Every structure is written in C-alpha cells, then in structure tokens.
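Because only heavy atoms are used, hydrogens play no part in the values below, and waters and symmetry mates are left out as well, while side chains stay in. None of these values were measured; they are calculated from a predicted model.
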Amino acid sequence: MDFGFTATATPAPPADIDTVSEVDWQGQPALRVRFTQPLGPLAARSLAVERNGAAVLASPLTTTDPREVILVLPPAAAKGPWDVRLDGGADAAGRPLPFRRLRSASVHPGAAMAAK
C-alpha cells in the first residue's frame, strides 16, 4: 500500500544586522557588525562605512564567528557615530541580505532601527 504525502517548510528569514558597535582592533578603531545568522563568504564585501555622508575606507575582516564582521577604520578616525551600509551579499544559506543603513550607536537595530 502506497501512502502519499506532501512536505512543506517555512523558509527562514535571511540574516540581518543585529548590532553595530565601536571597538578597538589591534590599536585601531573599528566597528563590529553582528548579524542574526551566519553570512556567506563574500557578504563582508557588501558592507560600507560613511561619516557625514562621505565614504570612509574601511577594511572588512571576518572572525571565527560566521555572524560577525569587523570593519577596521583609518588609524586617525575619531569616535562615531558612523553609518554602516549593507547593500547586497547573501547569508550562508544563499538568501539575499536586505538593504540597511545604520548608525554605529545603534543597539539592536532590528527593534529601534531607523533605515534611511
């Protein structure tokens, strides 16, 4: 006797920015961008930093935590606030990341985010 069935799955939402915080990385100012889920291998390239509307050269570094990226700022960079822009990329499951622009002072932007 054969049994017929259908399996359905609810797709998980793509990774999103959880927090952006100012940190010190080996004596240089940096921003730690933490995501809700692991990122794809090229997603760090989709992050950009701005200050007062002008682009700032920041070097993205991945860490041992696949949900985290460190954006190393220029050595002479002053304290924030900084704007972090996420434009493109995919999470580890291949889902496209949403466009976001957040301030470095944001804590839990998912709840209090003011997307510009």
Side-chain angles (χ1 to χ4, degrees):
M1 176 178 237
D2 290 335
F3 294 99
F5 65 92
T6 304
T8 59
T10 304
D16 202 350
I17 294 177
D18 186 30
T19 58
V20 177
S21 55
E22 293 183 39
V23 296
D24 181 71
W25 185 83
Q26 296 186 353
Q28 285 190 248
L31 298 172
R32 175 181 289 134
V33 183
R34 191 147 174 86
F35 288 81
T36 57
Q37 296 179 40
L39 298 176
L42 301 177
R45 295 182 182 183
S46 301
L47 291 166
V49 178
E50 298 174 354
R51 176 135 190 174
N52 299 326
V56 175
L57 183 62
S59 302
L61 300 174
T62 55
T63 68
T64 56
D65 183 344
R67 297 173 298 158
E68 187 175 87
V69 175
I70 303 291
L71 298 170
V72 181
L73 301 169
K79 291 283 185 187
W82 299 91
D83 291 324
V84 175
R85 184 172 37 94
L86 173 62
D87 192 6
D91 65 14
R95 296 177 297 249
L97 298 172
F99 174 82
R100 294 281 184 252
R101 177 178 268 146
L102 306 169
R103 291 245 156 174
S104 62
S106 297
V107 178
H108 264 307
M113 172 172 51
K116 294 181 183 177

Could you give the side-chain donor-acceptor pairs of residues 88-97 under 3.5 Å, partners two or more places apart or in another chain?
unit_1	atom_1	unit_2	atom_2	d
Asp91	OD1	Ala93	N	3.0
Asp91	OD1	Gly94	N	3.1
Asp91	OD1	Arg95	N	2.9
Asp91	OD2	Ala15	N	3.1
Asp91	OD2	Arg95	NE	2.9
Asp91	OD2	Arg95	NH2	3.0
Arg95	NH2	Gln37	OE1	2.7

Step-by-step side-chain contact (heavy atoms from CB on, under 4.5 Å) determination, Glu22 to Leu31:
CA-CA 5 Å; Glu22 293 183 39; Leu31 298 172; 3.6 Å; yes

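Around the CZ atom of Arg34, the shell of radius 6.0 Å holds more than 12 heavy atoms that belong to other residues, nucleotides or ligands. The local environment of CG in Asp24 is crowded, with over 12 non-hydrogen atoms from other residues, nucleotides or ligands closer than 6.0 Å.
You'll find the side chain of Phe99 stays beyond 4.5 Å of the side chain of Leu86, heavy atoms only. Side chains of Ser46 and Asp87 form no contact here, defined as non-hydrogen atoms less than 4.5 Å apart. Side-chain atoms of Arg67 and Leu39, non-hydrogen and from C-beta on, never get closer than 4.5 Å to each other. Put simply, the side chain of Leu61 reaches to within 4.5 Å of the side chain of Trp25, judged on heavy atoms.
Here the CD1-CG distance, from Ile17 to Leu102, works out to 4.5 Å after rounding to the nearest 0.5 Å.
Across all their heavy atoms, Val20 and Arg103 have their closest contact at CB-O, 4.2 Å. Residue Pro75 comes nearest to Pro29 through the heavy atom pair O-CD, 3.9 Å, listed as atom of the first residue, atom of the second, then distance. Across Pro14 and Thr36, no two heavy atoms sit closer than the pair O-OG1, 4.3 Å.
Phe35 and Leu71 fall within a single hydrophobic cluster, where Ile, Leu, Val, Met, Phe, Trp and Tyr side chains are chained together by heavy-atom contacts under 4.5 Å. Hydrophobic clustering places Leu47 together with Val56 (ILVMFWY residues linked when any side-chain heavy atoms are closer than 4.5 Å, directly or through intermediates).
The list of salt bridge (Lys or Arg N to Asp or Glu O under 4.0 Å) pairs with a residue in residues 46-57, not counting sequence neighbours, reads Glu50-Arg85, Glu50-Arg101.
The backbone N or O of Leu73 lies less than 3.5 Å from a partner atom in the side chain of Gln28, making a donor-acceptor pair.
Among residues two or more places apart in sequence or in another chain, the side-chain hydrogen bond (donor to acceptor under 3.5 Å, both in side chains) test is passed with Thr63 by Glu68.
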